[in-house]
Amino acid sequence: MLEKRYDFNTREKHWQEYWREQEIYKFNPEAKNRYMIDTPPPTISGIIHLGHVFSYTQIDVIARHQRMLGKSVFFPFGYDDNGLPTERYVQREKKVKMAETSRQDFINLCLDTTKQMKANYEEVFSSAGHSADFSHAYSSISPRTQEISQRSFIELYNKSEIERRNSACLWCPECRTAIAQSEVDTVEMPSLMNYIYFTIKETGEKLRIATTRPELLCACVCVFVHPDDNERANLVGKTAISPYYNREVPIIANPDVDMEKGTGAVMCCTFGDEADAKWQKEYNLPVLEGIGYNGRMTDLAGEFAGQKVREARENIINKLKELGLLYDQQELTHLVATHERCGTEVELLIKPQWFIKMLEHKDEIYRAGEQVKWNPEYAKKRFLNWVDGLKWDWCISRQRFFGVPFPVWYCAECGEPMLADTSDLPVDPSTTQPHKPCSKCGYTHFNPETDVMDTWATSSLTPQICTDVITNKGLDDTYIPMDLRPNAHENIRVWDFYTIAKSLLHFGKLPWHDVMISGWGLSATGTKLSKSKSSGGTPTPLETYKKYSADVTRYWASNASLGKDVYIKEEEFKNGFKLMQKIWNASRFVLSFLEGYTPHKPAEILPMDKWIIEEYKKTFKAFMSYMDRYEMGLALNELEQLFWNFCDNYIEIAKNRLYKPEIYGEQAKESAQYAASTVLLGILKLFSIYMPHITEEIYQAYYAEIEGCKSIHISNYLDLGSNIDEQLLKNGAEVCDIVSQVRGYKSQNNLSMKDEIAAISLAGYNEFVRTCEDDIKAVCSIQTINYTDGEKAVTIE
RNA sequence: GGGAGCUUAGCUCAGUUGGUAGAGCAUCUGCCUUACAAGCAGAGGGUCACAGGUUCGAGUCCUGUAGCUCCCACCA
C-alpha cells in the first residue's frame, strides 16, 4: 500500500496544499471547546532562520496537540512590521537614511519592503507544516491595528495612566530616539576613571573628584558631598569651580553619596547617569544639555562642540592633563547601557516624551505575574525579578517615522494637547486636523505630534489585535484571558511584561493563563543566529527542509527541553531522518498485512498483543502528563521509546503470526492484526504533532477511510484508557528479556538470528511465559522450550 | 552585590512525588534475518562537580563550596 521509498520533497508540498484546500486548521469560534494562542508576531527585519523555526515549531506542536485533544484551536499569525527593527532593516537594505528622506517616502519604502518579506516568512513557516492561520495574518502597521493601538492610547490617557513629561529619558544617539528600559542591554566595556581637581572658590583649595565622564564637565551643575563626611562636610554651602570650564557650581550635602566611592565627592551633570537624573529632580537643579540628540557635544562644550562623546572625552582628558588638572587615571571595565538594536551607548537626554505609568502599578503587575502559569516555572522568577528592578515608567514615544502615530495634536496657541475622537481612528495627525477648537483657549490651529509609538505599545495588545479577526470589536476582552502566550526567554521582560501591564490597565485581568517559554536555536558554535547577518555554515530552514524534510527539521526543533537553548547540529537531523525512515518502514510493513482487513476487536487477543496495547496505554498517559507541562521533548522521548519497542520486540514477535496463519492459526493472525493496527494508529497520532506530513501520508493510506476522517490532524488521539495493568507490562517485559537473552547468545556465538536452536530451558518463569510459547519459539527459532523451577534463568541447551 | 539555571558515560543530554544509574551519538563484536544495511542483534563504558546534613535508603530533599551560563544592579 505504501511505496518502498517516501519522497518527502513532493509529498510534504502535497499535504500542505491539501490542508490548505480542505481548511483542516480552520478555527471555529462557536466551538464549545476552544484553545486560544497569542502567537508571537515575528519582527520583519531580515531573514527567517532556523532559530525562528525552532521556537515556532514548538508553538505549532502545542497547537496540534490541543487540536488532537478535540479542541478548536485559534492559532493566528501576525507580523510585527512597524518600528525600529524594520526601519533599521530598510535603511540598511535600501541604503537610505531616514533623516534624509521625507516622512511619507520613508513610510512607503518600509511598507513595500515588508510586503515582500512577509511572503518569504510565510513560505518558511508554511513549508514547515505550521498549522497557523496565515489567511488572517495581522500586521502591526495595518490601519486596523493602528486604530486599536490609538484607542488604547486614548483610553489610558483618559484614565490618567499616560502623561507627557519633559524629563530625562533613555536616548539612543545612533537611532536618534528615546527608548525604553527593556530595550537596554548592558555591555562590558573598558573605561578610565579620571581623577580631577575642582577648586573651592572661597578658599582656593583643590577638591578631588573622580569621573568616568569628563566630557560632561561642561554640563556639571553641582558637587555633592555626604553630610556626615568629616573631611568635606564643611564645604557644604561653598562654591566649587569646575576645571577648564571654570563654571561655578554649588556644593550640596546629599546622603546618597557613598563616601567610599571615588574620592567621596561627586559631580552631578545633567545627565551622566541615572543618579544624576534622580538628583536633578530632587534638588531641582538646572539642566545643562551637554550632549545633543545626535550624540555630539553641544556648544556648551566649547572647543569640543560637535565632537562625538568618545572623541570629546579623549580630547578633554588631554586638555586637563595639559593644564595639570588631572592628577590620576585608572583603567577599569564597567558595564555600559547600550541600545539592544544597534549597540550604541545610551545617553540620558531631556525631551518631552509620553510615558505610561508603570512604577505606580508595580505591585499589581507583580501579583499578576504570580498568577500566570509560567512554563518552565523558573520563568516566573525572572519576570518577578524584572518587575522588582523596574526604575522607569514606560516611555512610549519614539522620534521615528515608521510606527503608529500618536492620535494627538497640540494647540498652536497654548500648547494644550488635543486627542483625536475615537470615531475618527486611525488618524495621522500629520495629515489631518482636529474638528474642534482648543478646549483651553479656543484656538483652532494645531501642530501634530510627530513622534510615533514604541512598537511594544502596539505589540502589547496582540491578544486584542489577533482576536479582532473573530470579534471585530477591536480593543475588547471577550476572549481574554486567552489560553497561551508562547515566546522565547528574552521576551519575558519585554513582550510578556508589557502585555500583562496593558491587560491590567485596560481590563483588570490577565491576558492569558499560561506562558510557554522556549529557548533559542543556536549555531553549532553556540552563537545567536541573526536575521541580518548570515551565520556561517548554519543551514537555512529551506535547506534543511529540502535535505532532511520539514518533518525532520521539526523533530530537531521539538526534541528539546522547554526553555533551553539548543545547538544546530547536523547529527540531530540525521537522527530525525532515521526515525522518519523507521516510521515509514514499520508502517509499510504493518499496513501490508491489513489489506482487506477491517479492524474489529477479535474474540481472543493473544497475551503479547495485549501487552503492546498496555505499553501504548502507559506511554499515552506519560505523554499526556508531559504535554500538560508543555514538555514536548520529553513526551517525544517517551513516544520514541514505545515506537522502538513496538518495532524491535512486538513486530518481530507478531510478524510470524502475520506471515504464517497456516501454522499459527487465523485467530492468532487476527489478534496480531488488531493489536498492530491499533497501536500503530495510536503511535502515528502521537507522532503527528511533531511530524505532520509523514503521519498524514500513512494515515491517508489506510486509516482515514476507516475512521471517516479527512485528516489525521483533526482525528483526535487514540485514548484506550488510563488503567494500566502493571502485571501485564511486567510479564511482557519478561518475554522480551528472554528473547533478548537468546539473541545475545546468538550474537556472542557469531550466529545469525535465523539460526535454529534446538532447545532452551526457562527456570522460574510464571504461567504468562508459557502462554507465549509460540511467539518465543518463532521469534528465536527455537524448537523446544523446557520449563523448570528455581531461580529465574534462561539456559540455551 | 541581587536573582535564576546548569554541572550525570568520550560527546549531546533525559532522569515527574527519594527505592541498586538511562537514551542517542561515538567505540567494540557479530549478523544480508521475506519492513528497514540510512538496517538488526549484542557488549564495554559513570565513586551522578565537591563537602556536609536529613533518611533504613539521596542523582533526586536541605546547607555550604567551586566552576560555567543568563537576567538585574553597579558608570562618584
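A, B, ... follow the sequence lines: proteins, then strands. Residue 1 opens every chain.
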Task: rC40(B) phosphate, OP1 or OP2, under 4.0 Å from Lys582(A) side-chain N/O - done: yes
TODO: Determine the minimum heavy-atom distance between Val223(A) and Ala240(A), stating which atoms define it.
DONE: CG2-CB, 4.1 Å
- [ ] Check the side chains of Thr538(A) and Ser523(A) for a donor-acceptor pair under 3.5 angstrom, ignoring hydrogens and angles.
- [x] no
Open item on the list: Any donor-acceptor pair under 3.5 Å linking the side-chain atoms of Tyr630(A) with those of Gln58(A)?
Closed with: no
Task: Lys381(A) vs Ser625(A), nearer the 5' end of RNA chain B by closest nucleotide - done: Lys381(A)
TODO: Using a heavy-atom cut-off of under 4.0 Å over every strand shown, decide if Val257(A) touches base, sugar-phosphate, or nothing.
DONE: base
TODO: Examine the base of rU16(B) for any acceptor or donor lying under 3.5 Å from a partner atom in the side chain of Tyr626(A), and report the outcome as yes or no.
DONE: yes
- [ ] Assign each of Glu571(A) and Leu192(A) to its nearest nucleotide of RNA chain B by heavy atoms, then name whichever residue's nucleotide is nearer the 5' end.
- [x] Glu571(A)
TODO: Tell me whether the OP1 or OP2 atom of rG42(B) has a side-chain N or O from Ser740(A) closer than 4.0 Å.
DONE: yes
Open item on the list: Is there a side-chain contact between Ser752(A) and the phosphate of rC32(B), meaning an N or O under 4.0 Å from OP1 or OP2?
Closed with: no
Open item on the list: Let's test your reading of the model: under 3.5 Å, does the base of rG39(B) pair with the side chain of Asn585(A) as donor and acceptor?
Closed with: no
TODO: Looking at every strand, decide which applies to Asp755(A) at a 4.0 Å heavy-atom threshold: base, sugar-phosphate, or nothing.
DONE: nothing
TODO: Ignoring backbone atoms, test whether Lys754(A) places a side-chain nitrogen or oxygen under 4.0 Å from the OP1 or OP2 oxygen of rC32(B).
DONE: no
Open item on the list: Using a 4.0 Å heavy-atom cut-off, does Met267(A) contact any base of the nucleic acid, only the sugar-phosphate backbone, or nothing at all?
Closed with: nothing
Open item on the list: Can you identify which nucleotide, out of rA14(B), rA76(B), rA41(B), has its nearest atom closest to the Ser561(A) side chain?
Closed with: rA14(B)
Task: Closest to side chain of Leu634(A), choosing from rA38(B), rC40(B), rG15(B) - done: rG15(B)
TODO: Would you say whether Phe577(A) stacks on rA38(B)? The test is a distance between ring centres of less than 5.5 Å and an angle between planes of less than 30°.
DONE: yes
TODO: Could you work out which one of rA76(B), rA4(B), rG42(B) sits closest to the side chain of Tyr378(A)?
DONE: rA4(B)
- [ ] Would you indicate what Thr263(A) reaches in the nucleic acid, counting non-hydrogen atoms under 4.0 angstrom: base, sugar-phosphate, or nothing?
- [x] sugar-phosphate
Open item on the list: Considering every strand and a 4.0 Å limit on heavy-atom distances, what is the contact class for Lys574(A): base, sugar-phosphate, or nothing?
Closed with: nothing
TODO: Answer yes if the side chains of Tyr548(A) and Glu570(A) hold a donor-acceptor pair under 3.5 Å, and no otherwise.
DONE: yes
Task: Short side-chain donor-acceptor distance under 3.5 Å, Asp565(A) and His489(A) - done: yes
- [ ] For Arg208(A), answer base if it contacts any base atom (sugar-phosphate contacts may also be present), sugar-phosphate if it contacts only those atoms, and nothing otherwise; contact means non-hydrogen atoms under 4.0 Å.
- [x] nothing
Open item on the list: Let me check I have this right: for RNA chain B, each base becomes ., (, ), [, ] or |, based on Watson-Crick or G-U pairs with both distances under 3.5 Å. What is the full string?
Closed with: (((((((..((((.....[..)))).(((((.......))))).....(((((..]....))))))))))))....
Open item on the list: Does the structure place the NZ or CZ of Arg208(A) under 6.0 Å from the centre of the six-membered ring of Tyr195(A), at an angle of no more than 45° from the ring's axis?
Closed with: no
Open item on the list: What I want to check is whether the side chains of Tyr555(A) and Glu640(A) have a donor and an acceptor closer together than 3.5 Å.
Closed with: yes
- [ ] Compare side-chain N and O positions of Lys564(A) against OP1 and OP2 of rA14(B) and report whether any pair is under 4.0 Å apart.
- [x] yes
